[in-house]
Amino acid sequence: MNYPEYKQPLNYGQVGTDILAWWKQNGIFEKSVSSREGQPTFVFYEGPPSANGAPGIHHVMARTVKDIFCRYQTLLGKQVNRKGGWDTHGLPIELQVEKELGITKEDIGKKISIEDYNQRCRETVMRFKAQWDDLTEKMGYWVDLDDPYITFEPEYIESCWALLKKLYDKGLLYKGYTIQPYSPAAGTGLSSHELNQPGTYRDVKDTTIVAQFKVKRDDKSEKLFVGADDAAETFILAWTTTPWTLPGNTGLAVGKNIPYVLVRTFNPYTFAPIRVVLAEALVGRYFSEKGKDASLEEFKAGDKVLPWRIEGSFKGADLVGIHYERLFGTNKGFPSFEGDERAFRVVAGDFVTTEDGTGIVHISPTFGADDFKVAQLNDIPALLVPDKDDPNKKVPIVDRTGRYVVEMGEFGGRWVKNYDGHDDSGTDYKTLDESIAIRMKGDGTAFKVEKYEHTYPHCWRTDKPVLYYPLDSWFIKTTAVKDRLIELNKTINWQPASTGTGRFGNWLENLVDWNLSRSRYWGTPLPIWRTQDGTEEICIGSIAELRQEIDKAVAAEVMTHNPIPEGATVDLHRPYVDDIFLVSPSGQPMYREPDLIDVWFDSGAMPYAQWHYPLENKETFEKNFPADFIAEGVDQTRGWFFTLHALGVMLEDSVAFKNVMANGLVLDKNGNKMSKRLGNAVDPFATIQQFGPDATRWYMIANAQPWDNLKFDLAGITEVQRRFFGTLFNTYSFYALYANLDGFQAREFDRVPHAELTELDRWILSKLQSLILEVRGYYDSYDPTKAARAIQDFVTDQLSNWHVRLSRRRFWKGELTADKKAAYETLQECLVVVSQLMAPIAPFFAEWLYQNMTNGMREEAVAKNTPLAPESVHLTLLVQANETRIDKALEERMELAQRISSLTHSLRKKSVLKVRQPLQRILVPVLNDTTREQVAKVEDLICAEVNVKHVEFLDDTSGVLVKSVKPNFKRLGQQYGARLKAVGARIQQMTPEEISTLEKTGQLAVEVDGQPITLAPDDVEIRTDDLPGWLVATDGPLTVALDVTLTDELRHEGVARELVNRLQNLRKDSGLEVQDKIRVTLASGQAGLEAAVQSFGDYIRGEIQAVALDFAADVNGGSVLEFDEYKVPVQLEVANG
RNA sequence: GGGCUUGUAGCUCAGGUGGUUAGAGCGCUACACUGAUAAUGUAGAGGUCCGUGGUUCGAGUCCACGCAGGCCCA
């Protein structure tokens, strides 16, 4: 047997297992890299997964995408090194450890030492590594698992340090602050994780104030003083639920597109005449309908209803730049302020809404994240006071315990909220907020004071309200290279493009500095040591440097001994680095800045740190930077994609990757997020085992574009398996069955010359070349879905359901003629090429198909070093399309044949004439010679397919054609515009004479709405979709009629065919082999039957391989054939030998 | 709240630059075919192309505003 044969159905899971074992045994992955040594490289970066959880089905998705392009580039002959990696630091691991130990962050350093805690993290983080490796292998993701980079290893961390030092030396690393949730009572910052604990958000009743900010009159604000014929001042209104932040106000934010109005009215507490600015949508909150346009002159102090009227309206953008007076200035005993000219002005903020308040937001940059951001963006300084310990240092007006600093005038030293638990039960007790409100009412700067209930986050430990407070943080100054980041991003090929321009592009446009600090335990420590006063610091860039500095510190007696002498193993994690003290040039001890760095720095550093660059392997790094291709989930946009890009630009002034695919999420079949809790998560191992890795991968890629979310439905895999893999397997089985019967073995040499092939063969080979071009194009442009769909359509529609179906008879009978050989060779070529084209997506099945098809050719291929010499499809070079074989006219007429056949089938169906009944002819109207010639060339195929004797063409000369016209709206629209409807209607009324004139003379003059116009042939589409007296079927411009006249001869032939069919079934049911010869006896006495056998005896005997076919009066003990009106006993004997 | 993204048949998806009758596969129904047979063909049923406005002679396609789902960020 030249070609292995298999039982139906094929066990695809087993194919996966077998091929995997074979790959391993023969080191195919290694060979796929080593065999490309010296060739151009394709650089791929593996985004490191974290192995602290079990892999899910979505990982199969992401890794399939990665694998496809690495395999494809290998098929193109490039060398694709694929170093695996593991992400090992970060909060999720810490949380998991804490959960398992039943502890909280509080307990670290108390119930458990940092050393033990980190040890536990280290053990936990790789817990699922074995499962990950297993999945990687079983799904066929080729990546080097033997030598991965691991982010917790000392060399990796050392590389990160070296990179940080580079940034430090470029002045891109600095210490600043960021606004974070802070618990004054606990004296600690709170993570977003802690803030998301249940019960932290609570309803509280706070004093709220709508404050009046007095506008300074100048050119910019003149419009707010219209008709200012009196002493009325103009104020901007802003609402706050935290009045204690008002003395710290240095700006006001409006929404650029929000409409605002200027309202003339009175202050409800001082009754002074004023004008105020607020959002138009919120006027109703502060002013009653009664007071609208009421007389301002008649208003008296103490009146309940405030009269008001609108005196102007503006967009937020019109207000930007207006200056106002500081609310609590030095004149009122408050601290002095530097930078007046930049502060106390109106800016635009995209966070401003008209949901509540006044549509204008009060900004105090030290006490709100939005405030801080908008202030930074607009260069608005914060109110700061000198630190009492260090006059060089500036601190906020609230200290770390939650009380005002002493400089705060009459409120100095007061608690912002009750953080110390003092007695606040007295009836005349006033909170700071209330005191401020009273003061402002008196000053005429409060427009409205009221108690308001809202939700506010609380510290989960102390139950006290959270303070948004500036905390020290280390930053990478990404804003310094913002323009370059944007510029270089435009050179990256994003798939889909919108992620690059939109999600990522917008993110870069609004870039802020990268906050690197994390107050945690398990991660890369910040390699910066500082003196107590912060005046001297050092950034360490390597273990060697650290060792040297320690020696200096030992010499200066800052340390007693060097804990990491030459030759000792080094762990750069906490707590070890915290116990290292260094000495400054001036002899001061230096302590490590306690923070860890953002884990995203770890992964973003992988292009360098995976090679321990810049400490060594300069050449390897340079050869592998930047990456040609990376792929991860779209959720990584601001994670890995950003840190890779940012570090690439800052360190190398280059992109870090040239092509990137951001794939979507894998949801359950109903479109819900998969989660273990909901029980709708799909187990990747079970899926792969049941359906095999190929169908799983193929389904994921073919079903939807990778960047769309995938609704994962196992039924979809079944469908792919049946429709695509099943059909391909059947096609192979068909080939194998007959090739083995004929003892046929394809060779790369002595093939039937292409010119001698039949139309059908040249057609499928033409289609095959087109497919190669198409699929290569899709892979090249990172569109695997279209590649998969094109392959699938070729296999099912063209190869199986047309070429093989119409070729079946060529394989069945007779010797190995040239035509039969051509049929084998054509199918063989198609299957081998398909195995190559599908190999990136379905690597196991492709291997299976390739080997089954080519193993018999291997010896000769190796000897002569031909394209099929490689033992694995993944080691081959992807075939190039032979464009000289592409015959568009042939492809076109084959499509005509397919469509005419389909139409004829449909006519047979309508006339209830089964395909086995031969018919005389079909009629095809043709309007031009080209169509006629095209159809004529495929007449035989059509006749065989639909069982008619011939195709008859009807042209103009037949005199039976009825033509109709359809307006070509596209052309006409451009020419006639608004008159199109009338012109179209006129065209549909064209008479046969007019059509004829247009055809013959190439133009036709008609009148539309009294205006003469001239129609050209291109303005209409002429077709014939009716043949009077005939039943017709139409498909676009094609029309077919079927001659249903039955002659005796046709009837007899129909009977003969039925007979053949029944006898074939009988052969099969009797368990005969295809090659067995038989002897048949039929019961006599049925005239029609006997006549049919008389006329078509040779045909019948040939088909059923009968040496004899006779009638006898008495046939006993056999079967009875039933068809049409016949019922005939039959005897069938084997006649071998 | 912001950015991005998706919305077309029961399900999964196609529908360059606008062109009048919106397609495929699966599923369903019926009929046929049957040396590939757990395959195949034909036909039928099934659509407010998420909604509302607008641009246009003409909108699934372009614009605006919404609605619903998703992701990321606040």
Side-chain angles (χ1 to χ4, degrees), chain A residues 8-9 192 255 349-353 355 369-370 373 496 498-507 509-510 633-639 662 664-665 667 669-673 699 702-705 707-713 715-716 718-720 722-724 726-727 729-738 785-786 789 792-793 796-797 800-801 804-805 808-809 811-813 901-910 912-916 945-946 966-974 976-984 1033 1036 1060-1061 1064-1065 1067-1068 1072-1075 1103-1105:
Chain A
Q8 287 259 41
S192 58
D350 53 16
F351 52 86
V352 180
T353 69
E355 288 284 298
D370 274 337
K373 224 166 73 184
S498 61
T499 300
T501 53
R503 189 185 280 237
F504 195 68
N506 287 342
W507 156 253
E509 295 286 345
N510 297 309
V634 67
D635 51 340
Q636 301 275 317
T637 306
R638 291 175 186 186
L665 263 67
L667 308 169
K669 63 177 174 183
N670 299 316
N672 299 313
K673 206 170 168 170
Y699 162 71
N703 188 66
Q705 306 274 23
W707 45 88
D708 288 333
N709 288 347
L710 174 69
K711 288 185 202 165
F712 190 88
D713 188 357
T718 313
E719 189 183 323
V720 159
R722 258 203 13 236
R723 189 161 167 75
F724 175 60
T727 305
F729 168 73
N730 273 339
T731 307
Y732 166 76
S733 300
F734 177 85
Y735 175 87
L737 174 68
Y738 288 103
T785 303
K786 286 197 172 144
R789 287 176 179 171
Q792 190 169 308
D793 288 348
T796 57
D797 297 349
S800 171
N801 281 337
V804 172
R805 193 151 59 88
R808 273 181 297 184
R809 300 188 70 82
F811 295 93
W812 287 347
K813 283 173 300 189
S901 298
S902 166
L903 289 172
T904 309
H905 278 305
S906 120
L907 286 170
R908 275 183 175 276
K909 155 90 180 156
K910 277 184 198 141
V912 198
L913 283 163
K914 48 193 172 188
V915 178
R916 246 184 250 122
E945 173 66 8
V946 301
K966 215 182 125 201
N968 180 346
F969 285 100
K970 190 164 184 171
R971 259 186 73 95
L972 294 168
Q974 284 158 8
Y976 297 107
R979 294 165 66 204
L980 180 79
K981 273 189 179 144
V983 175
V1060 167
N1061 166 242
Q1064 291 284 33
N1065 285 346
R1067 277 182 64 113
K1068 210 164 125 188
L1072 270 59
E1073 294 296 322
V1074 176
Q1075 62 273 19
E1103 287 292 309
I1104 63 171
Q1105 307 196 55

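In this text, all values refer to a predicted model and were calculated from it rather than measured experimentally.
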Separation of B:A39 C1' from A:Y732 OH (nearest whole Å): 18 Å
Assigned partner base of B:U21, Watson-Crick or wobble definition, under 3.5 Å: none
With both distances under 3.5 Å as the test, what is the Watson-Crick or G-U wobble partner of B:U42? B:A30
Which nucleotide in B:C26, B:C13, B:G41 has an atom nearest any side-chain atom of A:R723: B:C26
What is the distance, to the nearest angstrom, from the CZ atom on A:R908 to the P atom on B:A32? 14 Å
Where the side chain of A:N506 is defined as all heavy atoms beyond and including C-beta, which of B:A36, B:A14, B:C4 is the nearest nucleotide? B:C4
Please measure how far the P atom in B:U56 lies from the corresponding atom in B:U48, and state the result in whole Å. 29 Å
Please give, in whole Å, the distance from B:C33 P to A:R808 CZ? 14 Å
Within the structure shown, what part of the strands sits under 4.0 Å from A:N1061 by heavy-atom distance: base, sugar-phosphate, or nothing? sugar-phosphate
Between B:U12 and A:Y699, is there an OP1 or OP2 to side-chain N/O distance shorter than 4.0 Å? no
Residue matched to B:C62 through Watson-Crick or wobble contacts both under 3.5 angstrom: B:G54
Short side-chain N/O contact to B:U42 OP1/OP2 from A:S902, under 4.0 Å: yes
5'-most contact on RNA chain B: A:W707 or A:S901, nearest heavy atom basis? A:W707
Tell me the partner of B:G16, counting only Watson-Crick (N1-N3 plus N6-O4 or O6-N4) or G-U wobble (N1-O2 and O6-N3) with both under 3.5 Å; none if nothing fits. none
With distance as the sole criterion, do the side chain of A:S800 and the base of B:A36 form a donor-acceptor contact below 3.5 Å? yes
Whole angstroms only, please: what is the CG-C1' distance between A:L667 and B:C71? 10 Å
Options B:U12, B:U5, B:G41, nucleotide nearest the side-chain atoms of A:K711: B:U12
Take atom CG of A:L907 and atom P of B:A32, then tell me their distance rounded to the nearest Å. 18 Å
Complement of B:C71, any strand, by Watson-Crick or G-U distances under 3.5 angstrom: B:G3
If the cut-off is 4.0 Å, is A:N703 near the phosphate of B:U12, judged by side-chain N/O to OP1 or OP2? no
When the C1' atoms of B:C11 and B:G46 are compared, how many Å lie between them, rounded to an integer? 12 Å
Work out how far the C1' atom of B:C73 is from that of B:G66, and round it to whole angstrom. 23 Å
Using 0.5 Å steps for rounding, measure from the CZ atom of A:R789 to the CZ atom of A:F724. 13.5 Å
Touch check for A:N709, heavy atoms < 4.0 angstrom, all strands: base, sugar-phosphate only, or nothing? sugar-phosphate
Please state the P separation for the pair B:G51 and B:C4 - nearest whole angstrom. 23 Å
Is the side chain of A:R723 donor-acceptor paired with the backbone N or O of A:T718 at a distance under 3.5 Å, no angle test? no
Can you check whether A:L665's main-chain N or O pairs, donor with acceptor, with A:N709's side chain at less than 3.5 Å? yes
Out of B:C4, B:G41, B:C13, minimum distance to the side chain of A:N801 belongs to B:G41
Any Lys/Arg nitrogen of A:D797 or A:R805 sitting under 4.0 Å from an Asp/Glu carboxylate oxygen of the other? no
Go through B:C4, B:G70, B:A14 for me and flag the one nearest to the A:S498 side chain. B:C4
Nucleotide B:G25, atom P - distance to CG of A:D797 in whole Å: 8 Å
Kindly point out which of B:C13, B:A14, B:A36 is positioned nearest to the side chain of A:V804? B:A36
At 4.0 Å (heavy atoms only), tell me whether A:E509 reaches a base, stays on the sugar-phosphate, or touches nothing. nothing
Using atom P in both nucleotides, what's the gap between B:C71 and B:A24 to the nearest angstrom? 34 Å
Which residue lies more 5' along RNA chain B, comparing A:S906 with A:N1065 via nearest heavy atoms: A:N1065
Counting side-chain heavy atoms from CB outward, which of B:A36, B:G27, B:A14 is closest to A:R722? B:G27
Touch check for A:D370, heavy atoms < 4.0 angstrom, all strands: base, sugar-phosphate only, or nothing? sugar-phosphate
Give the rounded distance in Å between these two atoms: CG of A:D793 and P of B:G25. 10 Å
Selected nucleotide, minimal atom distance to A:K786 side chain, candidates B:A36, B:G15, B:G70: B:G15
Take atom C1' in B:U40 and the same atom in B:U21, then report the distance between them in whole Å. 29 Å
A:Y699 side chain reached by A:L710 side chain, heavy atoms, under 4.5 Å: yes
To the nearest 0.5 angstrom, please state how far the CG atom of A:N801 sits from the OG1 atom of A:T727. 7.0 Å
Looking at B:C71, B:C13, B:A74, which one has an atom nearest to any side-chain atom of A:A704? B:C13
Whole-Å distance between B:A14 C1' and A:R789 CZ? 7 Å
Got a second to check how far A:D713's CG is from A:N703's CG, nearest 0.5 Å? 9.0 Å
Quick one: side chain to side chain donor-acceptor pair (under 3.5 Å) partners of A:D370, sequence neighbours excluded? none
Output the single nucleotide from B:G70, B:G25, B:A36 whose closest atom is nearest the side chain of A:E719. B:G25
On a whole-Å scale, what distance lies between the P atoms belonging to B:G7 and B:G15? 10 Å
Can you tell me whether the side chain of A:R503 and the base of B:C71 have a donor-acceptor pair closer than 3.5 Å? yes
Work out how far the C1' atom of B:U5 is from that of B:A9, and round it to whole angstrom. 24 Å
Say whether, by atom type as modelled, one donor and one acceptor occur between the side chain of A:Y735 and the main chain of A:N730 under 3.5 angstrom. no
